[in-house]
Each structure stands twice: as C-alpha cells, then as structure tokens.
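Here is the structure we will look at, set down as structure tokens.
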Amino acid sequence: MDAPNALETARGQVRAACERLKLPPDVYEILKEPLRVLEVNIPIRMDDGRIRNFRAFRAQHNDALGPTKGGIRYHPDVTLEEVKALAMWMTFKNALANITYGGAKGGVICDPRSLSEGELERLSRGYIAAIARIVGPEQDIPAPDVYTNPKIMAWMMDEFSRLRGFYTPGVITGKPTTIGGSAGRDTATARGCAFVVREVARERGVELRGARVAVQGFGNAGAHVVAFLSEMGARVIAISDSRGAVFAEDGISPGAAIRHKQETGSVVDLEGTRPIGQEELLTLPCEILVPAALENAINADVAHRVRARIVAEAANGPTTPQADEILFRRGVTVIPDILANAGGVVVSYFEWVQNLQHYYWSEDEVTRRLEQVLVRAATNVLRLAAMDQISLRDAAYVIAVKRVADAMRDRGWY
Ligand code: NAD
C-alpha cells in the first residue's frame, strides 16, 4: 500500500508544475521549503495539578503574494513534515483562488478529545501566545482545521488581543460571528466544494440531478457537502466517519444524518441504512465520490477499483500521487483539493477583509462573492486542462505556481 509522506507529495506536485512552466531551477529551490518554521513547547497546567508539555508548530511557506494564511490542526499524529506540506498546499490554494495571501499551517500534538474544556482553553491560549511574535493581521492569519473550531479561534483571538493591548479580530479567522466572524464561514468549504463540483460535472457531462454521491468523513466539510449536493438534486447513497460507513440506495437525508451524528456521535446505525465497509464506500458504483476525512484515503489499490466519474477532494491530500495517475489514466476526473476545498479559505479571506474594514456583509453577499471566485478558478482550471490535455490537478498547479513565481520574480527573489 502506498502512503507517501505528504511533504514529498506536495513537493512533487510543485516540481512538476515548475517543469511544465519551464521555470528556472531557482523557483523550485525557493518553493521546496517553507520560508519560516517555528517549533514551540507549551507547558500547560493540567486539571490534576501536573505540568504537561505540548509540542507545536507553525510553518509559513511563502509570502510573495501577501500575508501567510492557513489553519491550525490539533491531532496526536501531527508532525512538522505534515505541517510543512499543508503550509505548501495553502500557498497554492490561495494563489489559485487569486486571493492576496501566502500559505501557512499550524499543528499542535494533542488529542483534544482527552482534554477537559479548561485544559483545551489553556493549551489554545498557550499556543497563540507562543507563536504571537510571528502572527498578526499583516503577517500570518491562522484559522480552524481538523479538531479546531470557532470556540478555539475565539480564545486565540482574545489572548492575542490581550497581548497586543487592544481588540485585534483580524489575527485569526473562523471566529464566532459575535466577535468578528463572517456569515457563512462554517459552511464555506462545503458550499465551495458543491459549486466546483457543479461546474466540473457540467463540463464533463455528468447530470447532477439524481447523481449518486458517496462521502467519506462526516465532519465540518463532509456533513455540509452532503447537505449542499442534496440541495442541488444529487442522491447521497453512502456516508462514513471514523467509526464506520453506511449505505442507502434511495438516498440519505442530510438532516436525519446530522441529527443522528449529534445524538450518537457517529453515522453508524443511521435509520434506513445498512452498514458497509469503510473502504467499500470508496469503490461503490456512483457518479461522485467525495473524500472529506484525512490524507492518503485513495491509494493505488483503491484507485484501480474506484467506480465514480468524479472525485472531489474536500479533504487535503486524500489521493496519493500513484493513485492520481491511475485515476487519470482510467478517465476518472479528480477535482484537486486546492480547488475543491478552497471555499473555506476564500470566506476566511472575506472575514479578514471585513475585520480590517470593520464593515460586515450579509450571508447572501458572502455566498455570491464565494461563487464568483470559485467559478472563475474552476473555469480557468478546466480550460487549461482541456487545452493541454492534462489533469485538473496539473492545471491547477500550473496556474497557482505561475502566480507565485511571477510575484517572486517581480519582488526580485530570483
Ligand atoms: P472534522 O474533524 O470536522 O471531520 C473529519 C471527519 O472525518 C470526522 O467525521 C471523522 O470521524 C472522519 N474520519 C476520520 N477518519 C476517518 C476514516 N478513516 N474514515 C472515514 N471517516 C473518517 O474535519 P474537517 O474540518 O471536516 O476536515 C476534513 C478534511 O477537510 C481535512 O483534510 C481538512 O484539512 C479538510 N479541509 C477542511 C476545511 C474546513 O473548513 N473545515 C477547509 C479545507 C480543507
């Protein structure tokens, strides 16, 4: 089974785009490493009175196009390498969406489910204080990622404001709307994914009405993707989370699934469904497959058996490079993560803009602008892919790497 290191995957994607663009080797030399990495240890007083030291990271990959931006992941398996890869992906995701940001990412090695609310708050405040010297509205703006949420963003904004001495909402996005969060941020990743799926399906001749959809992962991204694609007329036949997968030929009601998950903590045993294997979900006959959990879900072995026509990467890095090639050869359209899940960072960007202007938009306004940004990005990717007969991922990286390289050239970096 291939489960490559995410950093090697990210570097390979960037290297391939640099070669395709015939850029001087200096460009890849700059892009292969983050510009800055901070590793910190955060001593936290636990509820039992003892001190525990948590290791954490912040990687700022590239700021040629603007201040760096990217989420903070809380996970027991987070590594510096993974954070560097995720930061790199953010640079190109932002460039592809054409928003004025570079890329960054943060990670804290912890299992948030085993921490009390007080411990989680002290750790979150401790993390932002430890990296405060390199973040800020003009420098680097964090956001939520896996196992972090608006409440954690609120603690971090408060702590940063305390250190600065004044209210600084623009330091972080994904905040609750009571303290400078944007309308529509919580559903933005999924909404964006649905817009992009709609554009790609239309171009590839896949009718969305009645299309069968399977979604792996039922968290912030996955659960809302289920809701939006259902609204567009698709039929979601399978969903899963870390505990298991379920199937219903006639379709799963998004509302019922969300309620069941809230009540029981899982989608397993959802009424009207039957259990299936987690991997079986990835190889079901369907039109659209949405991996919305973690990295490397679709490896070479799975890729040979995928029966979907379109794979929409709501998660970051769910397809291994080998699997990517296999899917391309088999004629399966993969919508790359830097396009499929860009909705989150685009609305994060809108949140930051609203914070800087102290002027807030309605949810309709946010959705309208999000659609505009993503339809433009998707159209550019589809056009280049058709012209050069390349995958949507290769096309997306060519567009994004060119934007970053042009900015670095004009700033005199090479
Ligand atoms: P989340 O923590 O809200 O949800 C993750 C879900 O995946 C959970 O339902 C979990 O049970 C499930 N899961 C974990 N392991 C699984 C497995 N082996 N099989 C099936 N399901 C499994 O996280 P999220 O915010 O929804 O993020 C999911 C992915 O989307 C990540 O790759 C993240 O980087 C990416 N993403 C999220 C956002 C966002 O705004 N939330 C934006 C861009 C990208």
Side-chain angles (χ1 to χ4, degrees), residues 3 6 9-10 69-78 82-83 85-87 89-90 92-94 96-97 103 105-107 111-113 142-150 152-153 173-175 181-182 184-193 196 214-227 238-246 257-258 260-262 264-268 270 275-282 289-299 302 312-319 335-349 351 370 374:
T9 302
K69 172 105 190 98
I72 301 165
R73 181 171 291 196
Y74 282 7
H75 200 278
D77 304 330
V78 171
E82 183 188 26
V83 171
L86 290 162
W89 280 324
M90 287 308 300
F92 301 105
K93 189 182 298 182
N94 295 335
L96 181 65
K105 202 81 178 193
D111 180 1
R113 286 167 300 190
D145 189 65
V146 176
Y147 296 142
T148 50
N149 55 35
I152 293 175
M153 299 304 110
T173 60
K175 300 179 294 292
S182 177
R185 172 63 185 87
D186 49 347
T187 54
T189 302
R191 204 186 274 280
C193 184
V196 172
V215 180
Q216 179 202 40
F218 203 71
N220 180 28
H224 291 120
V225 166
V226 167
I239 55 177
S240 71
D241 59 25
S242 57
R243 298 208 208 147
V246 293
I258 289 172
H260 183 78
K261 171 103 184 169
Q262 274 165 354
T264 68
S266 171
V267 299
V268 172
L270 174 65
I276 56 169
Q278 297 227 357
E279 199 174 292
E280 193 183 344
L281 177 139
L282 301 171
L289 171 63
V290 185
L294 290 170
E295 284 103 86
N296 298 334
I298 304 179
N299 56 32
V302 173
E313 295 185 335
N316 284 311
T319 312
I335 310 178
D337 45 10
I338 62 169
L339 178 61
N341 68 34
V345 75
V346 170
V347 174
S348 269
Y349 167 74
E351 179 174 333
L370 171 67
L374 289 181

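Counting starts at 1 for both ligands and their atoms, following the listed order.
The pair Glu82-Lys105 fails the salt-bridge criterion, with no side-chain N (NZ, NE, NH1 or NH2) lying under 4.0 Å from an Asp/Glu carboxylate O.
Looking at heavy atoms from C-beta onward, Phe218 lies in side-chain contact with Ile258 at the 4.5 angstrom threshold.
Residues passing the salt bridge (Lys or Arg N to Asp or Glu O under 4.0 Å) test with Asp241, sequence neighbours excluded: Lys261. Scored by the salt bridge (Lys or Arg N to Asp or Glu O under 4.0 Å) test, Lys69 finds no partners at all (sequence neighbours excluded). Shown here are the side chain to side chain donor-acceptor pair (under 3.5 Å) partners of Asp337, two or more places apart in sequence or in another chain: there are none.
Listed by chain and number, Arg73, Asp145, Val146, Tyr147, Arg185, Thr189, Gln216, Gly217, Phe218, Gly219, Asn220, Ala221, Ser240, Asp241, Ser242, Lys261, Gln278, Ala292, Ala293, Ala314, Ala315, Asn316, Asn341 each place a non-hydrogen atom less than 4.0 angstrom from ligand 1.
Listed for the Asn94 side chain is no donor-acceptor partner under 3.5 Å among the backbone atoms of Ala97.
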